[in-house]
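Structure, as structure tokens:
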Amino acid sequence: MLRTVLGWVMAVGLWELVGRTLLAGRHLVGTPSGIVAKLVDNAEVYGRGLWFTTREAALGYLLGNLAAVALALLVVLLPGVERLVLRFALVVYCLPLVALGPLLRLVYGFGDGPQITLAAFAVFYLTLVPLLVGLRAVPQSWLDLTATYGRGRWTTLVVIRARASLPYLMAGLQATVPAAFLGALVGEFTGAERGVGVLSILALRSLDTDGLWALMLLSTAVSLLGYLLVAWAARRLAVEQPTVLLSTPGHGRGRSASERLLRALGGILVTTSVVLAAWVGVFAVTGLNPYFAKRPWDVWDWLVSSPESGAHRDELLTAALETAAVAIPGYFAGLLLGVVLATLFSLSPRLRRALTPVAVALRCVPVIAIAPLLVAALGRGAFGTAVVVAIMTFFPTLVSCLYGLAQLPGQVADVFATYATPSTRVLLLGRLPAMAPAFFASARIAAPTALLAATVAEWLATGTGLGNMMAVDAATSRYTSLWSTVVVVTLVALAAYALVEAVERRVLRVVAPEQLRW
Amino acid sequence: MTAAGVRGAPEVVCAAVGKTFATGAGPLAVLEPRDLTLAPGSVTALVGPSGCGKSTLLRIIAGLERPDPGGSVLIDGDEPLAVRRRGEMAIAFQDASLLPWRTAAGNVALAQRLAGRPADPARVSALLRKVGLAGFERARPAQLSGGMRQRAAIARCLVTEPRLLLLDEPFGAVDELTRRRLNIELPPLWSGTSTTTLLVTHSIPEAVLLADRVLVMSPRPGTILADLPVALDRPRRMQHLHSEEFTRLVERVGALLGVDQYAADEG
Amino acid sequence: MTAAGVRGAPEVVCAAVGKTFATGAGPLAVLEPRDLTLAPGSVTALVGPSGCGKSTLLRIIAGLERPDPGGSVLIDGDEPLAVRRRGEMAIAFQDASLLPWRTAAGNVALAQRLAGRPADPARVSALLRKVGLAGFERARPAQLSGGMRQRAAIARCLVTEPRLLLLDEPFGAVDELTRRRLNIELPPLWSGTSTTTLLVTHSIPEAVLLADRVLVMSPRPGTILADLPVALDRPRRMQHLHSEEFTRLVERVGALLGVDQYAADEG
Amino acid sequence: GDDPASPEGKDAVTYQLSWTHSVQFGGTYLAKDRGLFEEQGLDVQLAPGGPNVAGDANTVSGAALMNISVADGVARSNAEGADLVIIGAQYQKSPVTILSLADAPLTGPEDLVGKRIGVAGTDTPGLEAFLTINGLTKDDLVFVPSQYDPAVLTAGQVDGLYCFYNDLPVALAVQGIEGHSMLLADHGYNPMSQTCTVLRSSLADEQKRDQIVRLFRGDARGWQLYKDDPQAAAELAVEAYPDAGLDLETQRGMADVQLDIMYSDLTDEFGFGWFTDEQVQENLKLFELLGIEGGTAEMWDRSILEEVYADGPTA
Ligand SMILES: Nc1ncnc2c1ncn2[C@@H]1O[C@H](COP(=O)(O)OP(=O)(O)OP(=O)(O)O)[C@@H](O)[C@H]1O
Ligand SMILES: Nc1ncnc2c1ncn2[C@@H]1O[C@H](COP(=O)(O)OP(=O)(O)OP(=O)(O)O)[C@@H](O)[C@H]1O
Ligand SMILES: Cc1ncc(C[n+]2csc(CCO)c2C)c(N)n1
Ligand SMILES: [Mg+2]
Ligand SMILES: [Mg+2]
């Protein structure tokens, strides 16, 4: 206890020292004393701002998670729509903030609407994907039980799946706490009157580094609190011990390659039609002005049929390659970071306690605050941005994998105990396979997240790639270009997602066949 | 149709029921196509070597597994699914498969609920007492011994008064004394005019003691080697164990399964 | 210390081992504190009614469960953990508990690996063949029947040539023929000078056939009612089933467990 | 559609600002605070901007009656199909500046050669045009993409930073760091800034045009008050927007600094917000350099100014 306190005191002291010497006058890092002074001086303003943003985040969190649960229920009850729902959800999740923000402000006008919506958008997908994994994480024998009494999907859902999915739902609920906060915060960039986002724009633009750091610390504290609250609830709800999920490998494997191709094409067609219909429909219903709310045919024209489309495509391709150069390494780095941290945490509870706040902080601190620091430390090149992407990507992976690692069935743990297997080997031979469904859920989420994170980093910090292109397009009213870029970003994200999904299927067919069907 | 309670036991008619599993190493023939009829109200025991397809046959009769094309199962002319829907079937699976988050009583009560029966806590407790779980109503499966879990699963089966009862090795995890006790005490709960029972068991004496008819299966791919009627009067009691008919049948079945032959070979 | 293979079988000394579980409904006394010594190289069978604490005792000896304060288990003077660390212990759990993502062969090979033995695929196949799983080496647990899973778990136990072998109802899910065959064929793999064995079983004949000593437990809270030496020569064969000593012991154990008494009562 | 009216019978209009609240909009705050809009029969809703706000789009969509914008931005919007018109210019000089640290000041275009200049992606065309005007090319210096964070300058990652005269330089001063500001407007690059921008169709609509006149008049009166007492506006900004986190000292500094670019002999003579044909021509030339197509003199309309200042330079 004393050592922990002493450690913290030392760390803060060192921070102060470095801030006052090495980094003095550079306005990259706030000093503890400066931050405290800001917190004291502006207690009231910061307090109110925090309250507003927290409220927005909480509402968005609630709505987003409710939407995720509702969509998951829909999928369980109508498994046929699963792919469509997931793809559609992915498209919504992929809509870049740069494009979505101003649009939401137009739709909502004044008030909290855009902030809450962006928070909800940042949340719902992160919960939906693991929740679906959890709803499937049941052994055949439990399903046989409801089948014995001729009960259908609804009863199975209520009696079995709902409870079995709890760990995965909790993982989602935990990972989305900082996501909601960050969503609300970025939502405040769309012309909000108040909140931490508004305060941090000002602090940032006026070189008020201590103030910015104070605001980020407050945001982190709130997110951490929420995170710990959900973690506490999760522990209380935990099912005794995970059970062995015996289920036989898929039945419907007899499909030929051409049949699979046809089905895939059909799925793409249906998804595309639904997305296009929703696009045109939403714009028609909200009566958005076609000046900025471009329709599919405008994009088609810009990308394909107009005489300049060739140049447009070249421009997009160049930017896309720039973004890919950042997003792809960032994706893998984030995934790796998440898995490695999760495994380290599962091996050492002390490390877990010490680093959890840091991990939450990294995820909560808006990229606008962290990017300059990283870029200063790591250089302006792709490396620095990739690190930013990794930081924004790793957190859901960490949380999901932490829950996944805990899914080692008790009976299997006993087998390892028989040979007093060291925990590192249990990890390798038991926990990692048991984690596979959770890991792949987060790997699927991370694909679009990495792309989005890259564009956000480009927008807010580096001024390159698709993110910058969208920012410039928005600032120079090139709305057709903006929408075309949005479409391309979405398509790339979908493709990345599909790629991860293909790998996932191969692995889970062996490791967790129950995941491949309802 | 009349209410479930009033109707008599159903007849189960399997026609050309066979099963081949697709495995990574190619198709695995598990059951040879075969007709089989379970008479209304009868108790049929199914014995056979491990892996011969007993559980598979039981699952096919329940409609949880599809027979190979051409095969069909009809229960009083209905699809198995229809019977399940009416809550008239119950299965004791080979592994107890209790829901870990429910108490013993909760698991039993769940079956009542799933079968659309009114909640009846008194009946739940009574059944748990009958299977020797008095005092453990509120224990979760993880707090029960292997045999206790299996007994809770049996109670779950019986609580709905099913018309078709499928028991897959229901006493495999309990000791000999408890097994005998249950062998004597439970059948009155189900054998009678209203329930048709299929019992998979590894215990030849148990098969003979409980059944009206013993089906002996061959090793995989399973075929029915013998179909032996059991001419013992009901209700069955421990005395029957010492009857001539009993001993004869046990030996007969043992011989069919090669149990005795193995003893001879080995000598 | 010499290498595992060379050393003789260990002695297991339990001193004042008792167990009380804390449950929602208050403490549940499962095992009365009791001393118990398993002689090196002996096979001890543990029989007793379901829920009396057999599995609990076995888990305590393995060091997977802590005895109540004051109790201790020493294996040749070592903590159980040390024995497990050396890969010298093997346990067949009451439920097969195979790793669902590994094949049958993979599960068996895993034990080899975990125990720090060199990989020996030939031995893995040979053992699987011995337990009747030839052709199912690459099947996953979900593709095996209940009995087949249990047999894979036995193979997993034996593959490491453990010095201390703890078997919890290892043949509960297999049919009588297979059980007898395994009863005869497997013991030579373990009984001998190098392995001390504790066997929990519900089958009284099996206990007598396999063990040097049968411990009969009372219902919960479990105490040891009787400690009966088995004076049959080794290797045990089917003929022993017809010996006088065998019949005498089976009846004795049955009487202690009340099996026969139940029969009499009921009449 | 029909105009929403507030309970007191005043017309409710939305006025879209170009950034988050600060004394940048001090005159407007004065107008609102002192009831100058109410006098005009208006209930004005001030909509703050921000890094993710499309001001012009808000006017195009009708969400705002008027927004604060910048001439090259308006020209770009029009090139993309909007039909916006500039009816006034709050800044007489573009606030765009290159800020450097005082110990290594960049005082003229020639100083930029070989230097690293931080510039946001959106502003790159502006900097390029400035270079062209001054006989330089973008290869003469290094563009460092920097978006919203000014710390790149203090952290030594760039030698100069493309920013706003009344914004970062003041913040720097408040932090006790001496900086040097080089207004691009002093070196030939002067896009009309903080323009009052409305839809052409609104000008054609009699009722809306009237609202615009009243809005502009009220606003101009506020800015007249501002000129006499900018510090009052700084205090008002801090007081009126307690949740914006404004720092009084910074706001005071800003309030004084922006006097330089907002008021001139021209505004003294014709009134606040005035612009001349020469300025329009200069901007049109600039559009060519920036590669913006379709910018014509049609984009400006002085009739509102002329109506408001019909009786002299006081609104
Ligand atoms: N984790 C636990 N928490 C509470 N009670 C437990 C726990 N594990 C076992 N028990 C109780 O301990 C008693 C003995 O259980 P144990 O599994 O040792 O019995 P057993 O003799 O192996 O029975 P069986 O023959 O049915 O396997 C049972 O009454 C059971 O309810
Ligand atoms: N889903 C499946 N996929 C592939 N093979 C299967 C599957 N289920 C069962 N089998 C195979 O079918 C055969 C019969 O299995 P079944 O469970 O019916 O045996 P059983 O007679 O019940 O055996 P036991 O007495 O051991 O429980 C086994 O060889 C098993 O490997
Ligand atoms: C701090 C700050 N940042 C941006 C703007 C918006 N803005 C005002 S003028 C102008 C164009 C300059 O040529 C822009 C983009 C602002 N008002 N204040
Ligand atoms: Mg079976
Ligand atoms: Mg047990």
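Below, read A as the first sequence line, B as the second, and so on, with proteins coming before strands; counting in each chain starts at 1. Quick note: numbers below take in every heavy atom, side chains included, and nothing from hydrogens, waters or symmetry partners.
Both the backbone and the side chain of D:A82 come within less than 4.5 Å of a heavy atom in chain A. Of the two parts of D:L246, the backbone and the side chain both hold a non-hydrogen atom closer than 4.5 Å to a non-hydrogen atom of chain A. Contacts between A:F52 and chain D at a heavy-atom distance below 4.5 Å involve the side chain alone, from C-beta outward. In this structure, no portion of D:S22 lies under 4.5 Å from any heavy atom of chain A. The part of A:A192 that comes within reach of chain D is its backbone (N, CA, C, O), which places non-hydrogen atoms under 4.5 angstrom from that chain. In this structure, chain D has heavy atoms under 4.5 Å from both the backbone and the side chain of A:R478.
For the pair D:N58/A:L106, a side-chain contact is recorded, criterion being any heavy-atom separation below 4.5 Å from C-beta on. For the pair A:E458 and D:P145, the minimum side-chain heavy-atom distance is 4.5 Å or more. Under the 4.5 Å side-chain criterion, counting only non-hydrogen atoms from C-beta, D:S61 is not in contact with A:L288. For the pair A:F292/D:D56, no side-chain contact is recorded, criterion being any heavy-atom separation below 4.5 Å from C-beta on. Contact of the A:R205 side chain with the D:D167 side chain is registered, since non-hydrogen atoms from C-beta on lie closer than 4.5 Å.
In this structure, the separation between CD on D:E80 and OH on A:Y479 is 9.5 Å, given to the nearest 0.5 Å. Here A:L202 contributes atom CG and D:W19 contributes atom CH2; the two are 10.0 Å apart, rounded to the nearest 0.5 Å. Distance check: D:Q157 CD to A:L28 CG gives 6.5 Å after rounding to the nearest 0.5 Å. With rounding to the nearest 0.5 Å, the separation of CD in D:E249 from OG in A:S206 is 11.5 Å.
Considering only heavy-atom pairs separated by less than 4.5 Å from chain A, the leading option among D:A79, D:P48, D:A171 is D:P48. For chain D, the option among A:R194, A:E193, A:E188, A:M469 with the highest count of heavy-atom pairs below 4.5 Å is A:E193. Ranked by heavy-atom pairs under 4.5 Å with chain D, the list A:L215, A:T476, A:L103, A:V472 is led by A:T476. If you tally non-hydrogen atom pairs under 4.5 Å between each of D:A57, D:G50, D:A64 and chain A, the highest count goes to D:A57. Considering only heavy-atom pairs separated by less than 4.5 Å from chain A, the leading option among D:H21, D:Q45, D:Q16 is D:Q45. Annotation: maximal heavy-atom pairing with chain D below 4.5 Å, among A:D473, A:N468, A:T480, occurs at A:N468. With respect to chain A, the highest number of heavy-atom pairs below 4.5 Å among D:A155, D:G121, D:A47 belongs to D:A155.
Between the D:Q175 side chain and the A:L207 main chain, a donor and an acceptor come within less than 3.5 Å of each other. Using a distance-only test at 3.5 Å, with no hydrogens or angles considered, no donor-acceptor pair links the side chain of D:N52 to the main chain of A:G187.
Heavy atoms of other residues, nucleotides or ligands lying less than 6.0 angstrom from CZ of A:R55 number 12 at most. By the 6.0 Å contact criterion, CD on A:E308 is enclosed, its count of non-hydrogen atoms from other residues, nucleotides or ligands being greater than 12.
Closest non-hydrogen pair, A:G191 versus D:V53, comes out as N-CG2, 3.3 Å. The heavy-atom pair separating D:S77 from A:Y291 by the smallest distance is CB-OH, 3.1 Å.
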Self-check item: D:L153/A:H27 under side-chain contact (heavy atoms from CB on, under 4.5 Å): CA gap, chis, key distance, verdict
Solution: CA-CA 9 Å; D:L153 179 66; A:H27 292 273; over 6 Å; no
